[in-house]
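See structure below.
Numbering starts at 1 and runs along the sequence shown.
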Amino acid sequence: MSTTDADRRSVSTPGLSSVDIGSLPPLGQVPTHMHAQVVRPDRYGDPAQAFRPELVPTPAIGPDEVLVAVMAAGVNYNNVWAARGYPVDQIGTRQKRGETEDFHVGGSDASGIVYAVGDQVTGITVGDHVVIHPGWWDADDPWITEGRDQMIAPSARIWGYDTNYGSFGQFARVQAHQVLPKADHLTWEQAAAPTLVGTTAYRMLHGWAGNTVQEGDVVLVWGGSGGLGTQASQLARLAGATPVAVVSDEERGKYSERHGAVGWIDRRDFTHWGIPPLVDDTAGQKEWTAEARRFGKRLWDIVGERKDPAIVFEHPGAATIPTSVLVCRPGGMVVICAGTTGYDAVVDLRYHWTRQKRLQGSHGTNDAQAVAYNDLVRDGKIDPCLGRTIAFTELPAAHAAMGRGEDVFGNVVALVGAPGPGTGAS
């Protein structure tokens with residue numbers, strides 16, 4: 001169903017105004033206001049200044065929605081974009097759809113405790129320990145009612161980026177289908193670390209029929225030490241494939257090997273990044289192609305045979321797409337979920353159409369993919385790759401560091417309702 005502000009009801013407890021970060025009210029009691037890290041349009045720019053702590057009203061919920069007390073919140077690149085107001089002004093976009101808030105409470109990864117459920121919600125109970133997957137959509141969307149992939153629907157959004165009231169507040173509003181059981185063996189911060197990047201990686205590797213990861217495949221993973229990369233390498237290894245990471249120094253390479261990669265390539269050893277010379281620049285093309293092929297040979301050396309990647313796991317975009325398309329095997333797939341180095345990618349179509357390669361966009365997760373990924377986490381087959389655990393007050397600086405490319409080891413998580421690190425596991 002499509003839930004509007006008019007459909008939502010307050011679940012606040014009379015007389016309970018707010019609680020401090022690092023604490024919880026009695027189970028099921030909801031304060032009228034909550035602490036949040038808030039972005040407003042007049043602060044768009046550097047995330048270090050765009051995010052500020054504020055006390056805002058606790059969101060009301062609709063009949064198909066759930067209110068979760070956030071114990072820990074994961075940091076992802078999408079809220080670097082939200083803080084900059086670019087490439088999308090999310091607040092302005094939502095206001096054009098009729099939403100009234102002039103602020104953004106982001107955050108697309110959360111672990112927490114259910115504090116209230118809508119009238120039509122079944123199978124979820126106040127007190128449940130949960131994580132949230134980031135796929136959000138209108139269940140009445142005709143695309144979805146016809147049985148098609150939920151995440152391709154016109155109404156599909158990324159929770160906590162395209163939508164308000166994500167995990168950077170004490171209470172998060174989510175659709176019931178997003179709620180998944182938390183892995184019992186993980187702490188709050190571990191559980192909050194991997195879901196967005198993990199479900200995104202799962203969809204990229206398993207979601208595109210004809211080019212899903214298979215036993216024996218070589219998979220080239222850009223950003224192999226980061227949140228996405230470490231999840232991709234682990235998922236590839238679970239499928240019997242051979243993941244090779246691309247990183248920017250030895251420390252990051254060794255980290256990627258500890259989390260699934262069979263080896264790593266240091267991109268600093270090569271000089272051809274960015275938009276390549278145009279096709280009629282014969283000398284420039286010769287120099288660029290020689291360097292790109294040297295990169296491909298380095299991959300062969302790691303694999304131990306002249307075997308090109310069946311899947312190239314992309315997210316840098318502009319700087320790397322030309323190389324990704326060149327080294328991908330005939331009939332293989334370059335699958336991309338972001339453009340952290342830029343959006344204006346150039347592809348040499350000669351290598352694309354004659355060798356019948358696939359350049360596939362991938363975004364978010366549908367319910368089935370999120371459940372399948374979360375089952376792997378609950379079974380202990382996936383390491384959440386928790387990087388730094390930070391305080392709630394450090395969220396602005398953490399996003400600024402991510403925007404500068406400094407946070408490159410696993411996933412950064414902020415404690416919100418959890419009293420300290422190391423709690424929540426059973």
Side-chain angles (χ1 to χ4, degrees), residues 200-201 203-214 216-224 228-229 232-233 236 239 241-248 261-363:
T200 297
R203 180 178 179 85
M204 291 171 75
L205 294 174
H206 291 281
W208 305 107
N211 291 95
T212 56
V213 63
Q214 302 293 317
D217 283 348
V218 173
V219 179
L220 182 65
V221 180
W222 291 96
L228 270 168
S233 292
T242 303
V244 176
V246 186
V247 295
S248 59
V262 301
W264 51 276
I265 300 171
D266 189 337
R267 61 178 171 80
R268 298 176 305 167
D269 293 341
F270 304 88
T271 61
H272 66 296
W273 309 120
I275 296 175
L278 296 178
V279 172
D280 57 2
D281 178 354
T282 304
Q285 274 278 306
K286 182 178 180 181
E287 181 180 353
W288 185 92
T289 302
E291 191 72 351
R293 293 198 183 283
R294 188 169 71 86
F295 176 89
K297 184 178 183 302
R298 182 72 57 84
L299 186 147
W300 291 344
D301 292 341
I302 293 169
V303 174
E305 57 182 311
R306 294 168 64 94
K307 190 173 184 179
D308 294 325
I311 297 177
V312 181
F313 187 95
E314 258 278 0
H315 54 86
T320 55
I321 278 285
T323 300
S324 294
V325 171
L326 180 70
V327 302
C328 184
R329 80 178 185 191
M333 176 177 68
V334 177
V335 58
I336 185 164
C337 67
T340 54
T341 66
Y343 315 117
D344 301 320
V346 171
V347 173
D348 189 331
L349 293 176
R350 296 172 299 176
Y351 298 105
H352 190 59
W353 93 67
T354 63
R355 297 174 188 177
Q356 302 178 73
K357 303 178 184 184
R358 180 176 184 172
L359 178 56
Q360 176 68 53
S362 191
H363 188 54

Contact between His352 and Leu359 at the side-chain level, heavy atoms closer than 4.5 Å - yes or no?
yes

Under the side-chain contact (heavy atoms from CB on, under 4.5 Å) rule, collect the residues that match up with Ala310, sequence neighbours excluded.
Asp217, Arg329

Could you work out, with side-chain contact (heavy atoms from CB on, under 4.5 Å) as the rule, every residue matching Lys297, not counting sequence neighbours?
Trp300, Asp301

Which distance, rounded to the nearest 0.5 Å, do you find between the [atom1] of [X] and the [atom2] of [Y]?
X      : Y      : atom1 : atom2 : value
Ile265 : Phe295 : CD1   : CZ    : 4.0 Å
Lys307 : Leu299 : NZ    : CG    : 11.0 Å
Leu228 : His315 : CG    : NE2   : 5.0 Å
Ser324 : Ile311 : OG    : CD1   : 12.5 Å

For [X] against [Y], the heavy-atom pair lying closest together:
X      : Y      : result
Thr320 : Glu314 : OG1-OE2, 2.7 Å
Val334 : Cys328 : CG2-CB, 4.0 Å
Ala318 : Pro322 : O-CD, 3.8 Å
Ala239 : Val213 : CB-CG1, 3.8 Å

Does the pair Val262 and Val244 meet the rule for a side chain to side chain contact (heavy atoms under 4.5 Å, CB included), with working shown?
CA-CA 6 Å; Val262 301; Val244 176; 4.0 Å; yes

Pick one: which of Val221, Leu220, Val303 meets side-chain contact (heavy atoms from CB on, under 4.5 Å) with Pro309?
Leu220

His272 and Trp288 aromatic ring geometry - parallel, tilted or perpendicular at 30°/60° bounds
perpendicular

Looking only at side chains, do Thr341 and Trp273 share a donor and an acceptor under 3.5 Å apart?
no

